2 protein chains.
Amino acid sequence: MHPNINKNEFKWLRRISMKFINRRDFIRIERSSVSLAFKKGETILKQGEQPSHVVYLERGIVKFSYQNEAGKNLILTIVAAPKILGGANLFYKDNNLFSFVAVDDCDVVLIDAQVLLSVMENNAKFSIMLFQLASGMFKKSILNFISLAYKQKEGRIADIIIYLSAEVYNSRDFTLTLTRRELAEFAGCSTENVIMTLSKWQNENVIAAEGKQLQIIDMERLKHISKIA
Amino acid sequence: MHPNINKNEFKWLRRISMKFINRRDFIRIERSSVSLAFKKGETILKQGEQPSHVVYLERGIVKFSYQNEAGKNLILTIVAAPKILGGANLFYKDNNLFSFVAVDDCDVVLIDAQVLLSVMENNAKFSIMLFQLASGMFKKSILNFISLAYKQKEGRIADIIIYLSAEVYNSRDFTLTLTRRELAEFAGCSTENVIMTLSKWQNENVIAAEGKQLQIIDMERLKHISKIA
DNA sequence: GAAAAAGTATTAAATATTTAATGCTGTTAT
DNA sequence: ATAACAGCATTAAATATTTAATACTTTTTC
């Protein structure tokens with residue numbers, strides 16, 4: 001699919017794993033893994049496929065993309081490196097519920113699920129640590145979903161802007177790697193809604209939006225909108 | 001809080017655990033647990049509290065209830081016994097994200113989280129099994145949320161009716177233990193919407209609704225509504 | 001480098017959803 | 001027993017959201 005480009009570094013994963021598993025097991029995982037680079041827009045793992053690997057995202061931004069029965073694309077969440085993706089898939093033997101798509105150029109390591117599972121079976125604390133990581137991500141998605149499911153347009157859009165700032169770009173002034181359409185797929189509304197809402201907030205001096213550049217000027221106001229809408 | 005009423009039976013939990021942990025560990029868990037009975041409407045575990053126990057639901061139906069910043073009640077999901085609740089809470093040390101409220105009379109066993117965790121630390125396979133259980137529940141909630149977040153009213157209501165039939169009451173003809181208001185909190189719409197939609201489907205012979213009694217007459221139709229709406 | 005495609009933006013009309021007002025029914029508390 | 005309350009139901013008006021039509025800009029493709 002893609003050439004083996006970057007070195008198998010595993011920096012973050014190594015740091016968090018070394019407390020729990022020995023060097024031999026770590027090397028076993030490393031040996032059975034493949035490093036790949038994905039360009040913006042490429043699919044790392046496809047919805048419906050049998051999950052044979054766990055994805056370790058080393059660099060870049062990834063969207064969790066879901067296509068519903070009507071063929072409509074939805075974005076469940078967006079995450080930035082470093083992160084382990086597909087934890088739930090690993091432990092629940094079923095087809096992938098959604099796709100992982102690169103939103104930015106990404107470096108990922110595909111870890112063989114069988115090998116990882118066999119290391120886990122001999123290292124309870126390592127398993128629990130991975131479980132905790134997955135639970136933390138789960139918790140964040142739940143909050144995202146609560147916003148999506150029970151708030152209306154403005155509250156949802158405010159929430160994703162705050163989320164992107166806090167969890168993905170780590171700044172109040174960032175260059176969006178998502179299109180307005182993708183923002184809409186994430187916020188569960190139409191593209192027009194996103195565009196109009198951003199324009200409105202621009203006029204009200206809540207944000208400054210110039211093409212892909214987005215700056216949150218009045219975070220308090222945005223949080224207030226998130227609360228009331 | 002509540003008197004210790006029923007015997008500490010653990011039937012289902014014992015069955016699924018015995019493959020993984022020895023009798024001594026199981027008894028350790030059992031000894032540190034408390035059996036309680038909750039009446040319809042009572043809160044088993046409250047949003048915002050520190051999670052010190054994992055809840056094993058032995059009998060009854062429980063709603064996962066969330067109160068948002070605006071004070072509005074939302075139902076995240078509804079589950080029937082037997083089931084382990086609060087897996088994610090166990091492994092992610094943070095306050096409870098939501099409450100568990102009895103929707104029916106319930107028998108539950110509160111398992112001491114510290115004891116369970118220490119047993120898990122010595123039994124990797126047991127940990128992985130619990131992880132798999134939690135992942136399965138996670139996956140179902142995700143599908144619920146996708147429906148809530150990206151479908152409109154009729155599709156969402158169709159989905160929760162199908163869900164209740166398949167996962168909670170295990171029949172196409174059941175006595176609702178939820179009020180219309182609770183259905184609305186689950187579907188993320190107003191009570192009026194639920195009432196009107198059910199009336200409409202009643203007229204169209206998709207369902208038969210007589211007070212608390214609900215029968216799905218035309219499941220195909222309902223699934224079709226779920227798809228297109 | 002030009003043509004085509006995708007992204008951004010705005011508006012008006014059509015549709016969906018919530019809110020508010022009202023009445024009926026059955027249950028609970030005193 | 002009855003007043004008070006919660007649940008169920010219906011309608012109309014107010015509000016929110018999507019769809020459709022159109023235009024301009026930027027990016028991609030040949």
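What you see is a predicted model, and the numbers here were worked out from it, not measured in a lab.
Note on ring orientation: taking the six-membered ring where Trp is involved, the planes of A:F131 and B:F131 are parallel (angle under 30°, cut-offs 30° and 60°). Taking the six-membered ring where tryptophan is involved, the planes of B:F145 and A:F145 are essentially parallel, since the angle between them stays under 30° and well short of 60°. Ring orientation note: the planes of A:Y169 and A:F174 are close to parallel, at an angle under 30° on the 30°/60° scale.
If you measure from atom CD of B:Q213 to atom C1' of D:dG7, you get 17 Å, rounded to the nearest angstrom. Residue B:L178 contributes atom CG, which lies 18 Å from atom P of D:dA6 at whole-angstrom precision. In this entry the distance linking CZ of B:R181 with C1' of C:dT27 reads 17 Å, nearest Å. The distance from atom CD of B:E192 to atom P of C:dC24 is 18 Å, rounded to the nearest whole Å. Straight-line distance from the NZ atom of B:K200 to the P atom of D:dC8: 20 Å, rounded to whole Å. Rounded to whole Å, the distance from CG on B:L198 to P on D:dA9 is 8 Å. Distance B:R180 CZ to D:dC8 C1': 7 Å, rounded to the nearest Å. For B:M196 and D:dA13, the CE to C1' distance is 13 Å, given to the nearest whole Å.
Here C:dT18 is the nucleotide among D:dC8, C:dT8, C:dT18 with the atom lying nearest to any side-chain atom of B:N193. Distances from the side chain of A:I195 to the nucleotides C:dT19, C:dT10, D:dC8 place C:dT10 closest. Distance from the side chain of A:Q152 is smallest for D:dT17 among the nucleotides D:dT17, C:dA16, D:dG7.
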| said: Between A:V79 and A:T77, is the side chain to side chain contact (heavy atoms under 4.5 Å, CB included) condition met? List the steps. | reply: CA-CA 7 Å; A:V79 300; A:T77 192; 4.3 Å; yes

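Dashed line: the shortest gap from a side-chain N or O of A:T191 to OP1 or OP2 of C:dT8 is not under 4.0 Å. Of the side-chain N and O atoms in B:K212, one or more sit less than 4.0 angstrom from OP1 or OP2 of D:dC8. Applying the 4.0 Å criterion to OP1 and OP2 of C:dT19, one finds that B:S190 has every side-chain N and O outside that range.
A side-chain donor-acceptor contact under 3.5 Å links A:Y150 to the backbone of B:I75.
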